[in-house]
2 protein chains.
Amino acid sequence: MSLNEKITIADIAAHAQVSKSTVSRVLNETTPVAADKREAVLAAMAALNYKPNVFAQSLASGQSLSIGVLTQNFGSPVYDVIMRGVLLRLEETPYSPLFADGRWHPETEQKAIETFLDRRVDGLILIGGYCPEEALEETARRTPLIIVGREVSGLPNHCLNVDNEQGAYAITRYLIDLGHRDIVHITGILAHEDAAQRLQGYRQALLDVGIEPHPDLVIEGNFRRQSGMMATEMLLLRGRPFSAIFCANDQMAFGARLALYRRGIRVPDDVSLVGFDDQPDSAFMTPPLTTMRQPAEEMGRMAATAVLQLIKGVSPDLPLFQTELVIRESVSRHH
Amino acid sequence: MSLNEKITIADIAAHAQVSKSTVSRVLNETTPVAADKREAVLAAMAALNYKPNVFAQSLASGQSLSIGVLTQNFGSPVYDVIMRGVLLRLEETPYSPLFADGRWHPETEQKAIETFLDRRVDGLILIGGYCPEEALEETARRTPLIIVGREVSGLPNHCLNVDNEQGAYAITRYLIDLGHRDIVHITGILAHEDAAQRLQGYRQALLDVGIEPHPDLVIEGNFRRQSGMMATEMLLLRGRPFSAIFCANDQMAFGARLALYRRGIRVPDDVSLVGFDDQPDSAFMTPPLTTMRQPAEEMGRMAATAVLQLIKGVSPDLPLFQTELVIRESVSRHH
DNA sequence: CTGTTAGCGCATTCAT
DNA sequence: ATGAATGCGCTAACAG
């Protein structure tokens, strides 16, 4: 309320007739305090509208009560939701998030991580990224670290992931069950575990019903709309017939949809189209897109919970999240 | 590099044969220091890989070198880009961003602002929000404040906005020039200045060519896809003919597109469709959406620059940003 | 249970 | 130009 509040524990100590230590104690609940003194302190804090100085707290305690969150490209669909999950979970705690954008540049990521460390974050959450694995392992040695959406072989119990292979398997299997045989797969950047695992799920589903995956039906994209469009155009040029396209994410499905539209190919009458991620716009594509839903927000929350556990010294167990098939009008039975 | 670095200015003072004060001086360039001593200090800092402790710095100086950024709903199209702009600009400075998500809840926003203040941010950037104006004015009195995407009458030179009316005018005028006369407008939440201004631009454009805006052709939406869809369905039920729809944002245009699709109405053959914002997916709608581009990232950068100026005590001048018409295949001449 | 005493790492007078 | 001395606001032994 008042404009210039420089209230310190000394003030409330005086007001409550106790020592600064006692004030600190009721503040941190670090040691039992007599009920009456406790009340007095609380009353004084309320009366004077006391706000602890975080810097002093951090300096004295060595804890910053902040955790660094590194994402790649603000505004990208799934990561934003993961971040929201982190945020929401953190709001339930005394920790505040510090954010940075790695932009998929290893150097930028490293710099951001350094900045976080300089700011003495108590923990670190990394979402995706291209940062070399050794650097990550080094970082993990220095501070509590959770990585989501990426598998670092040297840090098995620091990574939080979705079961991409199972998801891709299920969605491919779904198309097969609809009678499709010539199913295209537009992959993500295959250097990403996500993309590789989805490709693997796709292949396995085909193999399991005795279909040999055809190389002409697999095209590598880069997870972006543009690449979905170009991949589809290339596919059309190739001339090999197909009745369904499975894109490794919704973005590329949007691109594919546009390419088909421009060629006058109807969805799902002429070809069925499915994506992965279930980003919000999927439900509003024309026609609405069949896709796989990732529990992104849930993963964010879990990531936050996990770092907090690491900070407390307990080693969290990180589940493999499952996806959920969301069926919409972009697919139909193949005759 | 080393795992346990607790290097303080005392260490480097010893290493460089000078006093701690001198070290502090070369660190902050606050007072001239003899060249040789200066070199020695720099060398020592490099050798020991010294990192200043931000908490100690902040505690002693009273500056946090952090600025609070409050957005509404992580993952919403335009705001995310504005945030990216803020981030990028801040990366060029010693300031770090602190983020929070207001979720369009005044209480949440207030709480977030309080948290920022508790963290002693040196400045505040608010993106959108429903926080009552008095609260904002109060906040502006306590700390450097910039508000983007919102007009607070009591804080004219703290607000950063786009010229919504002009943008809506231009886009409506464009449809008129294509021969459209019965142009629908699906508005945003009219309590938002954005939405009200866009509606005003739409009306003015019609009036300027002698068309009396018809109430049946204006429907209030809420900026979300779903509302664009419902508004369009309602419109179709009303039965009043129209040849074009102007949605107050792209999201609602996506919803409108879906409603038209489900009714078998072709775009742009049967009706032309335009949006506002030029969010990335617009270019991949089928057909690609004609829309108005906001310089969102630029606005974010400017917002950051402006708070920094406020912090330095200079009052920034905040331009009214202009939009740019992006013409794509969702519109055609009306015959 | 509680008060006293030291720092935490740095910026900033104040002398020199 | 530089060093010594205070203090920022709080936590954490340390005694009682």
Side-chain angles (χ1 to χ4, degrees), chain A residues 4-42 44-45 48-66 94-96 117-122 311, chain B residues 2 4-42 44-45 48-66 94 96 117-122 311:
Chain A
N4 255 348
E5 0 186 357
K6 288 260 177 193
I7 317 285
T8 76
I9 50 172
D11 297 317
I12 82 116
H15 194 98
Q17 313 269 40
V18 298
S19 72
K20 297 196 302 177
S21 321
T22 302
V23 177
S24 175
R25 283 175 186 126
V26 340
L27 207 50
N28 303 293
E29 296 177 329
T30 172
T31 297
V33 168
D36 55 337
K37 299 201 183 267
R38 181 188 166 72
E39 297 296 326
V41 169
L42 257 20
M45 299 206 298
L48 301 183
N49 186 26
Y50 167 72
K51 304 287 181 133
N53 181 314
V54 261
F55 303 130
Q57 287 184 147
S58 296
L59 182 56
S61 71
Q63 298 225 323
S64 67
L65 289 187
S66 70
Y95 289 83
S96 287
L117 262 24
D118 289 355
R119 292 245 162 199
R120 306 291 202 277
V121 294
D122 295 329
I311 290 173
Chain B
S2 50
N4 255 348
E5 0 186 359
K6 288 261 177 191
I7 318 285
T8 76
I9 52 172
D11 297 316
I12 82 114
H15 193 98
Q17 314 268 40
V18 298
S19 72
K20 298 196 300 178
S21 318
T22 302
V23 177
S24 177
R25 283 173 186 127
V26 339
L27 207 50
N28 302 294
E29 296 175 332
T30 171
T31 297
V33 167
D36 53 337
K37 298 199 184 273
R38 181 188 166 71
E39 297 296 326
V41 169
L42 257 19
M45 299 206 299
L48 301 183
N49 187 25
Y50 167 74
K51 305 285 181 134
N53 181 313
V54 259
F55 303 130
Q57 286 184 150
S58 296
L59 182 57
S61 71
Q63 297 226 323
S64 67
L65 289 187
S66 68
S96 288
L117 262 23
D118 289 354
R119 292 244 161 199
R120 305 294 201 278
V121 294
D122 294 329
I311 291 174

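Nothing here was measured: the structure is a model prediction, and the numbers come from that model. In what follows, chains carry the letters A, B, and so on, assigned in the order in which the sequence lines appear, proteins first and then strands, with residues in each chain numbered from 1.
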Would A:Leu59 and B:Asn53 count as a side chain to side chain contact (heavy atoms under 4.5 Å, CB included) here? Give the steps. CA-CA 8 Å; A:Leu59 182 56; B:Asn53 181 313; 4.3 Å; yes
Closest non-hydrogen contact found for B:Ile9 with B:Tyr50 is CG2-OH, 3.4 Å
Side chain to side chain, A:Phe55 and B:Val54, heavy atoms closer than 4.5 Å: no
Check the distance between D:dT2's P and B:Arg38's CZ and give it to me in whole angstrom. 11 Å
Which residues pass the side chain to side chain donor-acceptor pair (under 3.5 Å) test with A:Arg38, not counting sequence neighbours? none
I need the A:Ile12 CD1 to A:Met45 CE distance, nearest 0.5 Å. 5.5 Å
Encode nucleotides 11-16 of chain D as B, S and - characters from 5' to 3', where the letter depends on protein heavy atoms closer than 4.0 Å: B to the base, S only to sugar-phosphate, - to neither. BBB---
In whole angstrom, what separates A:Lys6's NZ from D:dG7's C1'? 12 Å
List, one per line, each side-chain donor-acceptor pair under 3.5 Å for residues 18-33 of chain B, sequence neighbours excluded.
unit_1, atom_1, unit_2, atom_2, d
B:Ser19, OG, B:Ser21, N, 3.4
B:Ser19, OG, B:Thr22, N, 3.4
B:Ser19, OG, B:Thr22, OG1, 3.3
B:Ser24, OG, B:Asn28, ND2, 3.4
B:Asn28, ND2, B:Ser24, O, 2.8

Could you report the tightest heavy-atom contact between A:Asp11 and A:Lys6, atom names first, then the distance? OD2-O, 3.5 Å
Going 5' to 3' along DNA chain C, which are the first and last nucleotides with any atom under 4.0 Å from a heavy atom of chain B? C:dG9 to C:dT13
B:Asp36 or A:Asn53, whichever maps to the more 5' nucleotide of DNA chain D: B:Asp36
Would you compute the distance between atom CD of A:Gln57 and atom CD of A:Gln63 and round it to the nearest 0.5 angstrom? 10.5 Å
To the nearest Å, give me how far apart CG (B:Leu65) and P (D:dC8) are. 20 Å
Quick one: side chain to side chain contact (heavy atoms under 4.5 Å, CB included) partners of A:Ser66, sequence neighbours excluded? A:Ser64, A:Leu98, A:Val121, B:Arg119
Taking five pairs at each terminus, the helix from C:dC1-D:dG16 to C:dT16-D:dA1 shows an axis bend, to 10°, of 40°
